[in-house]
Amino acid sequence: KLNKPHQFWQTQPMPNINEMDKLKPGPIQLGVLAEVRKDPFNLIEKYEWFNVDLRNEEQAQQVYTLLKENYVEDDDNMFRFDYSIEFLRWALLPPGQYADWLVGVRVNQKLVGFISGIPVTLYIENQQNKVKMTEINFLCVHKKIRSNRLAPVLIKEITRRVHIKNMWQAVYTAGIVVPTPISQTRYYHRSLNAKKLIEVGFSSLSARQTISRQQKLYKLPEEPKTPGLRPMKKKDVAQVTKLLNEYLKNFKLYFKYTEEEVKHWFLPRKDVISTYVVEKEQGIVTDFLSFYNLPSQVINNPKHTHLKAAYSYYNVATQTPIVQLMYDALILAKNEGFDVFNALDIMDNEKFLKELMFCSGDGQLNYYLYNWKLEKDMLKPEEIGIVLV
Ligand SMILES: CN(C)Cc1n[nH]c2ccc(-c3ccc(F)cc3OCCn3ccnc3)cc12
């Protein structure tokens, strides 16, 4: 039957337009643990639920291939995210992870659907609202079985598995608009390898532009400028944790990190996450920058199979000017082989996007909170203090 727009989302505890003023800030529905369904939702014939063990090479390969072939594409279907296995292990095996929150659907041992949750403690609009919840990501249904209404079942099943743990909220992002975004952020791109961006069709040349002029325009120094800038090491964890937690208090939506979590999310991992600290005299760390590695597969290009993209993660500048710190991030990313450096207009990113010659992207990334009414309906991008990969 014809699907009314957002037929599924109208059934979920998300504020809709006409009840916006009635709801008071906080949970929209109070969950009752005893009422949570104990058994998994029904699946259509031959489909079965499957908890993915990402530490198992073969199962990790199955998730990797499902995403590589069926996950998010840009609006013109020219690029598709190509998350690596090591990246997925970083993103989905944080401290405190639950085995049944990596939810797969299989048909004849083949993975055809996936959705993930990780446990987070989110601060919403002030220190009082410290909410244990889940961060949902990687919702993906194989292209060949779309519109079997499998996505709503994946969402309902992971919601059930979160409810069983007595958690009643979720945070997630998406390029599409469904009921009801709490913030609509935009992404920006800074060219590092102008020639390749033109060859893959990411950038285009106007009449007066030439490749060599573009290369000159975006040229970067060989080495970073900030004295004391070096890759983060284990010994920096305590100072980075302090700097990060202090900085994030500036925002309306942010996580608080334990040292354990900082170790997981920020210690450098080859081809996954790069973090650099600024160390002054007596080993004092005053700033740090970080970016993650998320290539996109270039669909149908004769010359290139991938676009190497670095994505701004968390950057804290307490002594170094943020523009200088991020200029060094561009240089470091270029030297690590990236073609483009991406950033959202969240946190303090607006302060460097223009000056460092970022160009506006062609879409937006919407932030969502499940089962939570904010004081105001929307947050400005600069009030968002969380990055979802
Ligand atoms: C966040 N995380 C949930 C993945 C995700 N889902 N949906 C999305 C829509 C946009 C972005 C995004 C975020 C930052 C950015 F600089 C560029 C982006 O997309 C460019 C378009 N594109 C899509 C594939 N290859 C290129 C990420 C996502």
Side-chain angles (χ1 to χ4, degrees), residues 63 66-84 87-88 90-92 114-118 120 134-141 143 151 154-155 158 170-178 181-192 196-197 200-203 253 255 265 272-273 290-301 304-315 326 329-330 333 338-347 349-350 352-353 356-370 381 384-389:
V63 176
L66 176 73
L67 295 173
K68 178 186 174 61
E69 295 171 356
N70 303 281
Y71 198 47
V72 178
E73 298 172 5
D74 67 309
D75 294 350
D76 303 325
N77 307 99
M78 291 170 64
F79 307 100
R80 187 164 55 239
F81 287 133
D82 185 6
Y83 289 87
S84 73
F87 188 107
L88 293 169
W90 174 65
L92 297 177
F114 183 74
I115 190 166
S116 68
I118 60 171
V120 292
T134 183
E135 175 189 306
I136 296 295
N137 206 338
F138 300 104
L139 169 59
C140 183
V141 171
K143 285 173 182 265
L154 276 164
I155 294 167
I158 198 157
V171 61
Y172 51 97
T173 57
I176 56 164
V177 181
V178 286
I182 59 160
S183 191
Q184 302 197 287
T185 74
R186 303 194 56 74
Y187 40 82
Y188 292 77
H189 314 288
R190 207 285 184 182
S191 170
L192 301 177
K196 174 151 180 202
L197 295 189
V200 302
F202 184 88
S203 317
L253 208 68
F255 299 137
W265 293 114
V272 174
I273 175 76
S290 59
F291 49 87
Y292 57 85
N293 170 25
L294 170 53
S296 279
Q297 182 182 354
V298 185
I299 305 163
N300 293 333
N301 183 278
H304 302 286
T305 57
H306 284 83
L307 177 64
K308 297 190 181 81
Y311 287 71
S312 177
Y313 195 46
Y314 293 90
N315 308 294
M326 294 312 291
L330 297 177
F338 289 100
D339 301 321
V340 66
F341 191 98
N342 290 337
L344 294 166
D345 60 355
I346 61 175
M347 296 191 269
N349 294 356
E350 278 288 7
F352 61 79
L353 291 171
L356 295 181
M357 297 198 292
F358 282 73
C359 299
S360 172
D362 61 1
Q364 64 188 29
L365 187 66
N366 304 293
Y367 279 70
Y368 297 91
L369 269 180
Y370 181 92
I384 301 283
I386 57 174
V387 174
L388 271 60
V389 299

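The structure displayed is predicted, hence computed values, not measured ones. Read the numbers this way: they start at 1 and go in the same order the structure lists the ligands and their atoms.
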How close does the nearest protein non-hydrogen atom get to [atom], and which residue and atom is it?
| atom | answer |
| --- | --- |
| atom 13 (C) of ligand 1 | Y187 CD2, 3.9 Å |
| atom 28 (C) of ligand 1 | F81 CE1, 3.6 Å |
| atom 6 (N) of ligand 1 | V72 CG2, 3.7 Å |

Quiz prompt | Atoms of ligand 1 close to N342 [distance to a heavy atom under 4.0 angstrom, numbered from 1] | solution = 16 (F)
Quiz item: Counting each atom of ligand 1 from 1 as listed, which ones have a heavy atom of N137 under 4.0 Å away?
Solution: 3 (C)
Shortest non-hydrogen separation from [X] to [Y] and the atoms involved:
| X | Y | answer |
| --- | --- | --- |
| T185 | P381 | CG2-CB, 4.1 Å |
| Y368 | P181 | CE2-N, 3.4 Å |
| N293 | F87 | O-CD1, 3.2 Å |
| F138 | L67 | CD2-CD1, 3.9 Å |

Part of [X] with heavy atoms under 4.0 Å of ligand 1, whether side chain, backbone, both or neither:
| X | result |
| --- | --- |
| D75 | neither |
| L388 | backbone |
| Y172 | neither |

Practice problem: Closest by any non-hydrogen atom to atom 9 (C) of ligand 1: pick that one out of V387, T173, L365, V389. | Solution: L365
Pair [X] + [Y], salt bridge at N-O below 4.0 Å:
| X | Y | value |
| --- | --- | --- |
| E73 | K143 | yes |
| R186 | D345 | no |
| D339 | K196 | yes |

Quiz item: Is S296 close to ligand 1, meaning an N/O of one under 3.5 Å from an N/O of the other?
Solution: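 Checking ligand 1 against S296, an N or O pair does fall under 3.5 Å apart.
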Quiz item: How are the rings of Y313 and W265 set to each other: parallel, tilted or perpendicular (split at 30° and 60°)?
Solution: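 Geometry flag for W265 against Y313: tilted rings.
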Self-check item: Contact check, Y83 vs ligand 1, heavy-atom distance below 4.0 Å
Solution: yes
